[in-house]
Amino acid sequence: GLNFGSDNGTIWGTPTELWARTAYMVYANNSGGSTVAYLNITVDDQLPGISYSPENVTMTNNTASSDLPLVPSITGSGVITSWELNNTTLPAGISFGASNGTFYGTPTELWNTTAYMVWGNNSGGSAVAFLNITVDDQLPTVSYSASVLTLINNTASSDLPHSPNISGAGAITTWNLNNTNLPSGLAFGSNNGTIYGIPNQLWPTTSYRIWANNTGGATSSVVSITVIDQIPTFVYIPENITLTN
């Protein structure tokens, strides 16, 4: 695609192939002899654009992600010859393909949201793409063995403390109660989801929703609480009454 004008020493045209740096000497001649000039010619590749979709990759620990393998999108002419990652510290179980710019694998550790830059390089320079990677925890199942608690005022209950049953992988990090207005004497453990104490006031049947949370989301369970009154005992003294008409 390039030409040399032997009548005027001009190099002209549009290159249509890659060309490694090459040195040239050009001689300009007349009857008096020759003079020489030097130049180097290189033809680099066009640089395509690169991107990832999605740019925000949120995965669940120990779980295959539908977003992986995450392959870069390449737009425009030119061929990427090498790939680089600005930060090679990735979640355990996740790898980066230096030959193709692909993220792949299954994460095996929790990972706070981390920004990464990926460079796609060729002789024309470097194109850059950005993405964020997060690994959330698995969300276990949470339930309570008794969804209905009927307690007696001023009386210890065998149902208390009422602790949640947790099944499945993942750790609950926080607990929330939709209504913190509990019968006096009862408390809710925000660190373990347990209802405990001894009620000391009557309480109409009230439903409470308890949320168990971690980075993977939230699951909930409902427990209703009622506090009924104590039943007193009574006797008549004397038990035998003899009256005269």
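What you see is a predicted model; the values in this text were computed from it and never measured.
In terms of modelled atom types and a separation under 3.5 Å, the side chain of Asn61 and the main chain of Glu109 share a donor-acceptor contact. In terms of modelled atom types and a separation under 3.5 Å, the side chain of Asp137 and the main chain of Ala171 share a donor-acceptor contact. Without hydrogens or angle criteria, Asn122 side chain to Gln46 main chain gives a donor-acceptor distance under 3.5 Å.
Residues Leu177 and Leu182 form a side-chain contact, since some pair of their non-hydrogen atoms from C-beta on lies under 4.5 Å apart. Within the 4.5 Å cutoff, the side chain of Thr81 has no heavy atoms near those of the Ser123 side chain. Looking at Pro164 and Trp175, their side chains come closer than 4.5 Å, going by heavy atoms from C-beta outward. The closest side-chain heavy-atom distance from Thr113 to Ile133 is not below 4.5 Å. Taking 4.5 Å as the limit, some side-chain heavy atom of Asn154 sits within range of a side-chain heavy atom of Gln230. Within the 4.5 Å cutoff, side-chain heavy atoms of Ile94 are placed close to those of Met59. Looking at Asn62 and Gln138, their side chains come closer than 4.5 Å, going by heavy atoms from C-beta outward. Contact of the Ile152 side chain with the Asp229 side chain is not registered, since no non-hydrogen atoms from C-beta on lie closer than 4.5 Å.
Under a hydrophobic clustering in which Ile, Leu, Val, Met, Phe, Trp and Tyr are joined whenever their side-chain heavy atoms come within less than 4.5 Å, directly or via other members, Ile166 and Trp211 fall into different clusters. Residue Ile74 is not grouped with residue Tyr104 when hydrophobic side chains (ILVMFWY) are merged at heavy-atom distances under 4.5 angstrom, including chains of intermediate members. When the side chains of ILVMFWY residues are joined at heavy-atom separations under 4.5 Å, either directly or via intervening members, Val135 and Phe96 end up in a single hydrophobic cluster. Leu139 and Trp111 sit in two unconnected hydrophobic clusters of ILVMFWY residues. Membership requires side-chain heavy atoms under 4.5 Å apart, directly or through other members. Cluster membership check: Tyr24 does not share its hydrophobic cluster with Val36, using side-chain heavy-atom separations under 4.5 Å among Ile, Leu, Val, Met, Phe, Trp and Tyr.
Separation of the Tyr52 and Phe103 ring centroids falls under the 6.0 Å cut-off. Aromatic rings of His162 and Tyr144 (six-membered ring for Trp) have centroids within the 6.0 Å cut-off, being under it.
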Given Asn176 and Asn213, is the side-chain hydrogen bond (donor to acceptor under 3.5 Å, both in side chains) satisfied, shown in steps?
-> CA-CA 8 Å; Asn176 297 101; Asn213 318 293; 2.6 Å; yes
Derivation of the side-chain hydrogen bond (donor to acceptor under 3.5 Å, both in side chains) call for Glu84 and Asn121 | CA-CA 8 Å; Glu84 294 177 79; Asn121 314 300; 2.9 Å; yes
Taking it one step at a time, do Asn178 and Tyr208 satisfy side-chain contact (heavy atoms from CB on, under 4.5 Å)?
-> CA-CA 6 Å; Asn178 71 319; Tyr208 295 88; 4.0 Å; yes
Working for side-chain contact (heavy atoms from CB on, under 4.5 Å), residues Ile210 and Val223 | CA-CA 8 Å; Ile210 300 168; Val223 175; 4.3 Å; yes
Audit row: Leu90, Tyr116, side-chain contact (heavy atoms from CB on, under 4.5 Å) steps and yes/no = CA-CA 9 Å; Leu90 289 165; Tyr116 292 90; 3.7 Å; yes
May I have the step-by-step check of side-chain hydrogen bond (donor to acceptor under 3.5 Å, both in side chains) for Thr150 and Thr226, ending in yes or no?
-> CA-CA 5 Å; Thr150 300; Thr226 308; 4.8 Å; no
Using the side-chain contact (heavy atoms from CB on, under 4.5 Å) rule, take Val235 and Ile237 through it: C-alpha gap first, then chi angles, then the decisive distance, then the call.
-> CA-CA 7 Å; Val235 296; Ile237 299 175; 4.2 Å; yes
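Shown here for Leu151 and Ile225, the closest heavy-atom pair between the two residues is CD1-CG2, 4.3 Å. Closest approach of Trp83 and Gly120 over heavy atoms only: CE3-CA, 4.0 Å. Across every non-hydrogen atom of Gly93 and Thr108, the tightest pair is N-OG1, 4.0 Å. Of all heavy-atom pairs spanning Pro140 and Gly168, the tightest one is CB-O, 3.8 Å. Ile50 and Ala129 make their closest contact through O-CB, 3.6 Å (heavy atoms, listed as atom of the first residue, atom of the second, distance). Ser126 and Trp119 get closest at one heavy-atom pair: CB-CD1, 4.1 Å.
Side-chain contact check for Thr205 and Ser224: no donor-acceptor pair (N or O, by modelled atom type) lies under 3.5 Å.
From Trp203, atom CH2 reaches atom OG of Ser184 across 8.5 Å, with rounding to the nearest 0.5 Å. One distance of note links CH2 of Trp19 with OG1 of Thr42; it measures 11.0 Å at 0.5 Å rounding. Going from atom CD1 of Ile228 over to atom CG of Asn153 covers 9.5 Å, rounded to the nearest 0.5 Å. Note that CG of Leu131 and CD of Glu55 are 8.0 Å apart. Values are rounded to the nearest 0.5 Å. Separation of atoms CH2 (Trp12) and OG1 (Thr14) is listed at 10.0 Å; rounding is to 0.5 Å. A distance of 8.5 Å separates CG of Asn112 from OG1 of Thr215, quoted to the nearest 0.5 Å.
Asn240 CG: 12 or fewer foreign heavy atoms inside a 6.0 Å radius.
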